Amino acid sequence: MTASFTILAAITVAGMAAAMGLRNAVHCVLALTVGFAGIAALYLQLGAQFVGFTQVLVYVGAVAILAVFAIMMTQSRPSATPAPRAPLWAAGGAVAAAVFAVLAWAIHSNALSVQALPPQPEAAPSATVQQIGDALMHRFVLPLEIVGLLLTAALIGAVVIAMGRREEMK
Amino acid sequence: MTQTLDQIFVLAKHWLLGFLPAAIQPFCSALLSVVAIILVFATLFAITTWLERKGLGRMQNRLGPNRVGPCGLLQPLADGIKSLTKEDIVPAAADHAVHFMAPVLLVAASFLGYAVLPIGRNMVLTNLNAGVLYFFAVGSLMELAVFMAGWSSRSKYSLLGAMRAIAQMISYEVPLVLASIVVILHTGSLSTVAIVDRQAVYTGIWPHWFVFTPWGLAGFVLFMVAATAESNRSPFDLPEGESEIIAGYYIEYSGFKFALFFLGEYIGMFATSAMAITLFLGGWAAPFSFLTWVPSYLWFFAKLLAIISAFIWVRGTLPRLRMDQLMNLAWQFMLPMTLINLLAAGVWQFMPAGVARWPVCAAIVAVPFLLLARGLKQKRKFQLRTYRFSQ
Amino acid sequence: MLGDGILKGLAETARNFFGSYVSRDRLTTIQYPEQRDPQIEAARSFPFLVFDGADWQQGLRCVSCQICEKECPPKCIFIEKSKDKKPDAVGKPQFYPVRFDIDISVCMSCQICVEVCPFDAIKMDVDYDLSTDDRFGGLLLDRQRLAKSNEHYNKIHPTEAAAVDAALAEERAKAKAAAEAKASAAAKAATEAKAAAVANPAPAPQPAAGESQ
Ligand code: SF4
Ligand code: SF4
């Protein structure tokens with residue numbers, strides 16, 4: 001656990017915590033963006049440039065913007081939502097703990113990852129675009145196609161919903 | 001001799017670093033490069049504001065600034081002093097922290113892109129494997145800064161401006177990235193250095209710039225249109241829209257913060273222009289093989305100035321688009337054309353090298369363009385607008 | 001074809017850009033403080049007071065009748081009438097303004113004061129670079145700053161001034177003729193009276209001589 005990892009992890013966790021704790025919705029989104037950026041930095045630290053920059057492009061550039069857009073469209077004044085009641089806190093905590101347990105178990109039981117702790121970090125494989133393209137087109141072509149179909153369906157659905165609204169307005 | 005001249009900055013840096021202990025050398029090397037980039041491009045910003053005001057003036061039968069210094073050359077300095085000494089006003093209702101962070105983030109994000117831009121031979125801050133991707137990733141940070149500025153000001157104009165700006169940036173980011181993908185398809189690399197190296201070879205005296213291929217030309221034009229929109233420049237300057245929403249998302253900023261927005265916008269414009277040069281115009285490569293003795297960075301800045309002049313020229317010519325025209329152009333024209341261009345680049349890749357692939361690829365781009373243009377015209381999307389009351 | 005209009009526009013701006021270096025038509029800007037366009041004759045900015053002769057205080061044509069003060073729509077003229085009288089251009093004793101102020105920050109250059117003045121004493125100036133850093137005192141013009149010579153008037157509005165001068169000269173000639181007639185009549189009456197007195201040494205009917213006027 002290096003110093004830079006500690007700092008990045010701290011930033012990420014702090015951003016995520018702030019995203020949950022802050023009262024103003026826009027502040028939450030901005031804090032969430034900090035968290036996303038922290039995760040991207042972690043990817044970069046692992047030498048996964050492609051994934052890291054995609055993380056920034058997709059999460060900071062698109063997801064966060066989408067979120068703030070939604071907030072801007074729906075809510076004109078910043079409203080302070082009251083703190084959720086205690087039982088909800090408890091339920092949320094339980095779910096979070098469960099997810100964490102599952103993930104921790106998955107990582108821990110994967111003996112490979114433990115063994116593959118890099119003996120010489122500078123030799124960490126850095127996937128080139130070519131490799132990623134090859135992998136997508138050969139090994140993972142079926143999942144790719146399925147995801148593509150799903151996204152197209154979602155896109156068409158969104159367009160249909162928007163079109164329907166316009167007919168109504170006429 | 002030409003070698004030395006070409007590498008003079010690199011050598012100077014190494015010479016300077018020689019005086020430092022080895023432990024801090026990498027850090028100081030990066031620091032030196034960053035400071036150099038910031039200084040050079042901030043100066044370019046100053047020159048560009050002068051150039052723009054002069055050029056626009058001439059296009060509008062005026063002289064432009066001519067009072068401060070010879071030919072008004074010190075005008076940027078005067079502007080800078082003015083904006084530095086102005087009162088910094090923050091609206092009472094504003095979200096102070098976010099309001100303060102927005103211009104800083106914008107400028108920081110706009111400078112980040114330069115990390116992967118090769119300014120000359122061996123003159124790149126970091127040669128990232130995923131350089132192009134990095135460039136677009138940090139470009140998307142600017143959207144966030146714009147949103148923060150517009151939202152935190154708590155003014156309906158700035159919010160409207162931010163909405164427009166973000167809608168525009170998102171819409172044009174798609175064609176921007178798709179237009180540059182053709183180059184990545186051809187070179188098989190996301191590294192900007194590799195892309196320039198591929199173009200810095202010559203057949204006879206002619207360079208291998210991608211703009212001299214059918215898909216490259218179409219890609220370059222599409223890229224530049226999208227880049228104009230990305231950098232909020234006329235005719236796509238709706239987010240500013242002085243006549244409707246006064247100054248858009250930075251209306252509530254004054255003094256130095258306003259200047260920062262200005263700086264960020266121009267620095268972002270230079271960055272996208274530099275990206276266009278890197279992708280299509282051969283980066284720092286000389287236009288003819290017999291001109292390679294001219295230092296590479298001079299070629300880069302010559303090309304950059306040419307593109308900036310083109311931006312100014314377009315700004316002096318075209319009126320601002322309406323919001324629906326803007327969106328129609330993005331989704332009905334730019335997006336299909338970039339996809340078709342992608343197809344052309346693919347066909348080029350698979351056809352045997354020779355004369356045959358030229359007309360085929362040109363046709364793949366040109367025929368849909370003409371058809372699309374006709375179709376859009378018939379739908380009266382790009383027609384002269386007739387007004388009911390004011391004529 | 002899509003985009004040919006854009007190319008046409010670009011060609012036009014390019015023509016403007018390069019033309020501005022060679023042709024005067026494509027660079028119409030005047031470098032204002034150093035260069036000025038010649039004024040057209042009908043130009044007008046704010047009113048001024050005309051005086052004849054060399055001394056502005058002596059020669060002011062204004063007789064302080066205060067018509068302009070009453071007619072000025074935004075009420076930006078302030079006049080204080082003198083207690084005594086002094087001879088005007090024609091020689092008639094008249095009042096004169098001891099104060100005559102125009103607040104040109106209020107004046108709307110309507111020229112009504114000029115239209116109503118029966119003495120051609122107030123006219124429109126063409127001076128327009130009047131900006132000042134004193135927005136009250138600097139824009140409240142007093143008598144002295146308002147007074148400008150008839151030559152100045154002739155210079156800025158030659159045609160109009162010539163007509164005014166001709167009319168005034170005519171009036172003056174008439175007044176002079178009248179004065180001469182009066183003088184000669186008085187002289188004649190005096191000689192007649194003298195003759196009568198010589199012929200008839202009785203007390204002379206003095207008022208009759210006065211009544212003959
Ligand atoms: S020009 Fe009009 S407004 Fe000005 S002083 Fe004369 S009457 Fe008044
Ligand atoms: S300027 Fe003319 S109208 Fe005004 S007070 Fe003097 S004489 Fe009368």
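Letters A, B, ... are given to chains in the order of the sequence lines, protein chains preceding strands, and every chain is numbered from 1. Source: prediction; values computed, not measured.
A 4.5 Å side-chain heavy-atom check between B:N61 and C:N16 finds at least one atom pair inside the cut-off.
With rounding to the nearest 0.5 angstrom, the CZ atom of B:R58 is 9.0 Å from the OG1 atom of C:T29. Note that CG of B:L318 and OG1 of C:T13 are 8.0 Å apart. Values are rounded to the nearest 0.5 Å. We find the CG-CZ distance between B:L56 and C:F17 to be 10.0 Å, quoted to the nearest 0.5 Å.
Interface remark: B:R315 contributes no atoms to any contact with chain C (heavy atom separation under 4.5 Å). In this structure, the portions of B:L63 lying under 4.5 Å from any heavy atom of chain C include both its backbone and its side chain. C:F18 does not touch chain B: none of its heavy atoms, backbone or side chain, sits under 4.5 Å away.
More than 12 heavy atoms of other residues, nucleotides or ligands sit less than 6.0 Å from atom CZ of B:R67. Counting non-hydrogen atoms of neighbouring residues, nucleotides and ligands closer than 6.0 angstrom, the NZ atom of C:K188 reaches no more than 12 such neighbours. Heavy-atom contacts from other residues, nucleotides or ligands closer than 6.0 Å to CD of C:E170 number 12 or fewer. Shown here is C:K174, whose NZ atom has no more than 12 heavy atoms of other residues, nucleotides or ligands within 6.0 Å.
In this structure C:D142 satisfies the side chain to side chain donor-acceptor pair (under 3.5 Å) test with no other residue, sequence neighbours excluded.
Among pairs with a residue in residues 35-84 of chain C, those fulfilling ring pair (Phe, Tyr, Trp, His ring centres under 6.0 Å) read C:F48-C:H152, at least two apart in sequence or across chains.
No donor-acceptor distance shorter than 3.5 angstrom exists from the side chain of C:S20 to the backbone of B:M59, with no hydrogens or angles considered.
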